[in-house]
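Everything numeric in this text was worked out from a predicted model, so none of it was measured. Chain identifiers are assigned alphabetically (A, B, ...) following the order of the sequence lines, protein sequences preceding nucleic acid strands; residue numbering begins at 1 within each chain.
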2 protein chains.
Amino acid sequence: MASVALRKAAKEAAAERLILERFLPYRLSILSNRISRAIAARYAKTFDLTIPEWRIIAVLGRRPGLTARQVAKATEMDKVAVSRAVAKLVAAKRVSADVHDADARAQSLTLTAQGEALHARIAPIALESERRLLAALSAGERAKFDALIDRLLDAAREL
Amino acid sequence: MASVALRKAAKEAAAERLILERFLPYRLSILSNRISRAIAARYAKTFDLTIPEWRIIAVLGRRPGLTARQVAKATEMDKVAVSRAVAKLVAAKRVSADVHDADARAQSLTLTAQGEALHARIAPIALESERRLLAALSAGERAKFDALIDRLLDAAREL
DNA sequence: CCGATTTAGTTTCATTTGAAACCAATGGCA
DNA sequence: TGCCATTGGTTTCAAATGAAACTAAATCGG
């Protein structure tokens, strides 16, 4: 009875219902928000630093001299967000922006001494938060999780 | 030589540097954003629906009659966001808000026929996106990943 | 039963965010 | 060389978001 089989297949497809609390995109969004909030709460007011600003500090800490464009790419922020955050960081003398050697439009961004100091203070806090979070997993699980995230990051790019 | 050992320990601690691209909170944020964007892109303009609105539709689809407060809890959105999204959904006749039996302040939210139809159209799209994403993992990996996310969600609540 | 407190939801206002328009310097290339 | 398309970055304007104040109904204590 083909029609019966079809009916059954249709029913099963419908049965695969969307349950928000089990829906991965939703779950990841919640997880990411909880973590970001918790960490930001630990430095935002104390240091008057937003998340985008912190990301820029973090990336410049390791790779000084990047241009805004490169920072945008490295942090996956759009250029407007970078422009604004950099403006604030420069105003606060945490980052210096010098005209780029090869291209007068571009600017070479570097942490100032103050920026470095800030980085040195916040990095341990951030790492400690990560450590606390990951304490919920065993070392093996952490590695596995990390690898899975990498694969999903790739897969998500294709979506 | 204790001092040598100490120096070495200090160095190693410092060596555990913060590398943004490896920093879990950052990676999760990127992953979550990529996924949400990709999925939203598939329904946002077509159906004129924002992510908060979609979440409300999703939760009401499975649990009709919730109050705004309950929706807020179920979706982890704050009540202002729920209030606004519900207002839009009601205006669009996708959701009906009736005075709650037991409490005249509260409203009992339900999908209208239009809302149901919308849910029926979008749920498969959402599930298909999730399926496509998770195709990058084996069944076993998916299960493992899911379980790890659950544990991290718990851990993140404590942060 | 009356006032004080709490709770459901909305509104207001200030800030953040994003898209698109914009300006200025660059890199072809005719 | 001089024009045109491109690229780096900023600005503008509208929409999204969040915190706090607010309205109205419900509950609690006496």
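No side-chain donor-acceptor contact under 3.5 Å links A:Glu158 to the backbone of A:Ala155.
Taking atom NZ of residue A:Lys73 and atom P of nucleotide D:dG9, one finds them 14 Å apart after rounding to whole Å. With rounding to whole Å, B:Arg69 atom CZ is found 21 Å from D:dA24 atom P. The distance between atom NZ of A:Lys45 and atom C1' of D:dA19, rounded to the nearest whole Å, is 15 Å. Atom NZ in A:Lys88 sits roughly 17 Å away from atom C1' in D:dT10 (whole-Å rounding). D:dT7 atom P lies 12 Å from atom CG of A:Asp103, rounded to whole Å. The distance from atom CG of A:Asp78 to atom P of C:dT17 is 10 Å, rounded to the nearest whole Å. Rounded to whole Å, the distance from CG on B:Asp101 to P on C:dA8 is 16 Å. Remark: P of D:dA15 and CG of B:Leu49 are 18 Å apart, rounded to the nearest angstrom.
Of the candidate nucleotides D:dT11, D:dG9, C:dT10, D:dT11 has the atom nearest to the side chain of A:Val80. Nearest nucleotide to the A:Gln107 side chain, out of C:dT10, D:dG9, C:dA25: D:dG9.
For A:Arg84 against D:dG9, no side-chain N or O and base N or O form a donor-acceptor pair under 3.5 Å. Residue side chain B:Arg105 reaches the base of D:dA25 through a donor-acceptor N/O pair under 3.5 Å, judged by distance alone.
Relative ring orientation between A:Phe145 and B:Phe145 is described as parallel, the plane-to-plane angle staying below 30° on a 0-90° scale split at 30° and 60°.
The shortest distance between the side-chain N/O atoms of A:Thr67 and the OP1/OP2 oxygens of D:dG8 is not below 4.0 Å. For B:Ser83, no side-chain nitrogen or oxygen approaches OP1 or OP2 of C:dG9 to under 4.0 Å.
Summary of the strand contacts: A:Lys79 and A:Arg37 both lie near DNA chain D, and taking for each the nucleotide with the nearest heavy atom, the more 5' one is attributed to A:Lys79.
Using modelled atom types, one finds a donor on one side chain and an acceptor on the other under 3.5 Å when comparing B:Arg55 with A:Ser29.
The number of heavy atoms from other shown groups lying within 6.0 Å of CZ (B:Arg151) is above 12.
Between B:Val95 and the options B:Leu118, B:Val71, B:Leu89, a side chain to side chain contact (heavy atoms under 4.5 Å, CB included) holds for only B:Leu89.
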